[in-house]
Each structure stands twice: as C-alpha cells, then as structure tokens.
Amino acid sequence: MQNSQSHLAYLALEQRIVTLVLKPGALVTEKQLIELAGHGRTPVREAIQKLAWQGLIHVKPRVGLQIAEIRPQDHEHVMQVRRELEPIAASLVASQATEEQREQLLECARLMTDCAETHDLPGFFAADKAFDEILEDACPNGFITAALGPVQTHSRRLWYSTATPNAIDRSIALHVSVIRAIHKGDSEDARKAMATLIDYLSAR
C-alpha cells in the first residue's frame, strides 16, 4: 500500500494541504487535484476518499470538493488524542520495530537534521510524515494507529500555519530524541521522549 499509486497520490495531496498550498476552505475540482497529484483519476479518487475520511477534504454534493477549514478548537482537540496515544505507540514501536524500520527512522532523523540546517520547512514536514508512517507500520496496535493517522495530519497543518525556524529546530531535536530511543529499543525512554515532544507541540 505504501508504494501504491493511490498512496503516492495521497501523499502528494496531503503535503499540499498541510503546507497550505491548498488553502483552508478553498473549493477545488477533481481535475485540479489530479494535476496537483500527478497521478491518474482512479488513484486520486482513492486519495480523496482517504482525505475525506481524515476530515481534510469535504465532499459537498452539487458543490464539489472543499479543503477543510482550520477551526479554533482543532489544536486542542487533536493534541488531546496525541497526548494519550502517541507515547504508548512509541513504547510499542521501540520493542516491536524491525531492524529495517529502525534504520528508516534513523534516515528520517538525518533528513530532519538537514532540514534544520537549510531551514527547509516543507522538507521537514515531509520527513515528519514519513516518521509517522514508519511508526504506523511498526506499531502492533492497529486501533491506536487508526486513531492517530488523521489527527497527526491535522496537527501538521496547524503547526505549519504558525511555524517559525526556532520552533522547528526544537521540534526536530525532540523528534530525534524519540528516534534514538526507538532505535536502541528502549520502550520507557521512547515513551518519555514522545511525551516530551507532544507536550512541546501542545504548547505551540
């Protein structure tokens, strides 16, 4: 699934929603999304279905497609979910991840660090998405990952809308701490590092 055309179309559109290329509240057409994604009609339709399920696109009968608005309460609500579930997920991944997944996380840490040096904000958010997807693949509890997927994307969009270079540098450092704990297989350190990261993001 991770390398399917529909998933690649999803990643392309998700990034444009997160980075506000597709502005909150904007009305768009399927044709526009096909052009933006660079994939065919069927993969893009499947991507739209997933984005609609995540609450990022609203399918409006007789109107079309609308990018979800950003509401004042969204940040508080998504962080409530993340605060409870992500430390558990990180702890599970630390004990369950394969060696390949641990190495993939190290690559995410390297990409994030490079983005800090070059102030590449979209690059960091793409690496953060990859980080979340590796954790999703490695976490053995599908109920946790099903709940986290949508709120993580909403959280990235909210964070992008107010992000500053200094805030990104601190976020990257905290992400790297989580990755190091997972890589060495320390479940308790991974849980604590993720809780610290979520506390930081909650305060933004």
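The structure presented is a predicted model; accordingly, all values stated were derived computationally and were not measured.
- Gly55 approaches Ala68 most closely through the heavy-atom pair O-CB, 3.2 Å.
- Residues Arg82 and Ser155 are in side-chain contact: their nearest non-hydrogen atoms beyond the backbone lie under 4.5 Å apart.
- Atom OG of Ser177 and atom CD1 of Ile182 lie 11.0 Å apart (nearest 0.5 Å).
- Here Ile70 contributes atom CD1 and Leu20 contributes atom CG; the two are 5.5 Å apart, rounded to the nearest 0.5 Å.
- Residue pairs meeting the salt bridge (charged side-chain N to carboxylate O under 4.0 Å, His left out) criterion with at least one partner in residues 118-128, sequence neighbours excluded, are Asp128-Arg156.
- With sequence neighbours left out, the salt bridge (Lys or Arg N to Asp or Glu O under 4.0 Å) criterion links Glu99 to Arg102.
- Under the 4.5 Å side-chain heavy-atom criterion for ILVMFWY residues, a single connected hydrophobic cluster contains both Met112 and Ile198.
- Note on residues 137-169: pairs passing ring-ring contact (aromatic ring centres under 6.0 Å, His included), not counting sequence neighbours, are Phe125-Tyr160.
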**Request:** Run the numbers on Leu36 and Val28 for side chain to side chain contact (heavy atoms under 4.5 Å, CB included), then give the verdict.
**Result:** CA-CA 11 Å; Leu36 278 174; Val28 294; over 6 Å; no

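- Closest approach of Ser6 and Glu46 over heavy atoms only: CB-OE1, 2.9 Å.
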**Message:** Evaluate Glu84 against Ile144 for side chain to side chain contact (heavy atoms under 4.5 Å, CB included), listing each step before the verdict.
**Reply:** CA-CA 10 Å; Glu84 296 298 324; Ile144 290 177; over 6 Å; no

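- Taking a cutoff of 4.0 Å between a charged side-chain nitrogen and a carboxylate oxygen, Asp189 and Arg180 do not qualify as a salt bridge.
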**Message:** Between Glu86 and Gln152, is the side chain to side chain contact (heavy atoms under 4.5 Å, CB included) condition met? List the steps.
**Reply:** CA-CA 10 Å; Glu86 284 201 57; Gln152 287 168 335; 3.4 Å; yes

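- Here His175 pairs with Phe124, Phe131 under the ring-ring contact (aromatic ring centres under 6.0 Å, His included) rule; sequence neighbours left out.
- Rounding to the nearest 0.5 Å gives a distance of 6.0 Å between CG of Leu135 and CG of Leu105.
- Under the salt bridge (Lys or Arg N to Asp or Glu O under 4.0 Å) criterion, Arg71 pairs with Asp74, sequence neighbours left out.
- Ala127 and Cys108 get closest at one heavy-atom pair: O-SG, 3.9 Å.
- Follow the hydrophobic side-chain contacts under 4.5 Å out from Ile67 and you never reach Leu27; the two are in separate clusters.
- Interatomic distance, CD of Gln49 versus CZ of Arg45, reported as 9.5 Å (0.5 Å rounding).
- Under the side-chain hydrogen bond (donor to acceptor under 3.5 Å, both in side chains) criterion, Glu117 pairs with no residue at all, not counting sequence neighbours.
- Leu51 and Val151 fall into different hydrophobic clusters, defined by Ile, Leu, Val, Met, Phe, Trp and Tyr side-chain heavy atoms under 4.5 Å apart, directly or through other members.
- Atoms CG and CD, from Leu13 and Gln32 in turn, are 11.5 Å apart once rounded to the nearest 0.5 Å.
- Residues passing the salt bridge (Lys or Arg N to Asp or Glu O under 4.0 Å) test with Arg16, sequence neighbours excluded: none.
- Using a 3.5 Å distance cut-off with no hydrogens or angles, the side chains of Gln54 and Tyr10 do pair a donor with an acceptor.
- With sequence neighbours left out, Asp114 forms a salt bridge (Lys or Arg N to Asp or Glu O under 4.0 Å) with Arg110.
- Taking the side-chain hydrogen bond (donor to acceptor under 3.5 Å, both in side chains) definition, one finds that Thr164 meets it with nothing, sequence neighbours left out.
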**Asked** Going through the checks in order, is the side chain to side chain contact (heavy atoms under 4.5 Å, CB included) test met by Lys129 and Gln15?
**Response** CA-CA 9 Å; Lys129 176 63 175 177; Gln15 184 180 30; over 6 Å; no

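- Leu174 and Met79 fall within the same hydrophobic cluster, where Ile, Leu, Val, Met, Phe, Trp and Tyr residues are linked whenever their side-chain heavy atoms come under 4.5 Å apart, directly or through other members.
- Ser187 is not listed as a side-chain neighbour of Leu92, based on a closest heavy-atom distance of 4.5 Å or more.
- Inspection of the Glu136 and Thr145 side chains reveals no N or O donor paired with an N or O acceptor under 3.5 Å.
- No side-chain donor-acceptor contact under 3.5 Å links Ser91 and Glu188.
- Taken from CD in Glu107 to CD1 in Ile179, the straight-line distance is 10.0 Å, to the nearest 0.5 Å.
- Within the structure, the salt bridge (charged side-chain N to carboxylate O under 4.0 Å, His left out) test picks out no pair touching residues 157-176 (sequence neighbours left out).
- Contact detail for Met194 and Ala90: the closest heavy-atom pair is CB-CB, 3.8 Å.
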**Request:** Just do the side-chain hydrogen bond (donor to acceptor under 3.5 Å, both in side chains) check on Glu14 and His7 with the steps written out, would you?
**Result:** CA-CA 10 Å; Glu14 191 257 14; His7 188 67; over 6 Å; no

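- Counted within 6.0 Å of CD on Glu100, heavy atoms from surrounding residues, nucleotides or ligands total 12 or fewer; the atom is thus considered open.
- Sorted by first and then second residue, the side chain to side chain donor-acceptor pair (under 3.5 Å) pairs with a member in residues 194-203 read Arg83-Ser202; sequence neighbours excluded.
- Applying the ring-ring contact (aromatic ring centres under 6.0 Å, His included) rule to pairs touching residues 28-83 yields nothing, sequence neighbours excluded.
- Linking Ile, Leu, Val, Met, Phe, Trp and Tyr residues whenever their side-chain heavy atoms come within less than 4.5 Å leaves Ile134 and Leu111 in two separate clusters.
- Side chains of Thr98 and Gln101: a donor-acceptor N/O pair is present below 3.5 angstrom, by distance only.
- The nearest pair of heavy atoms linking Ala181 to Ala94 is O-CB, 4.5 Å.
- The two residues Thr113 and Ile172 come nearest to each other via the heavy atoms N-CG2, 4.1 Å.
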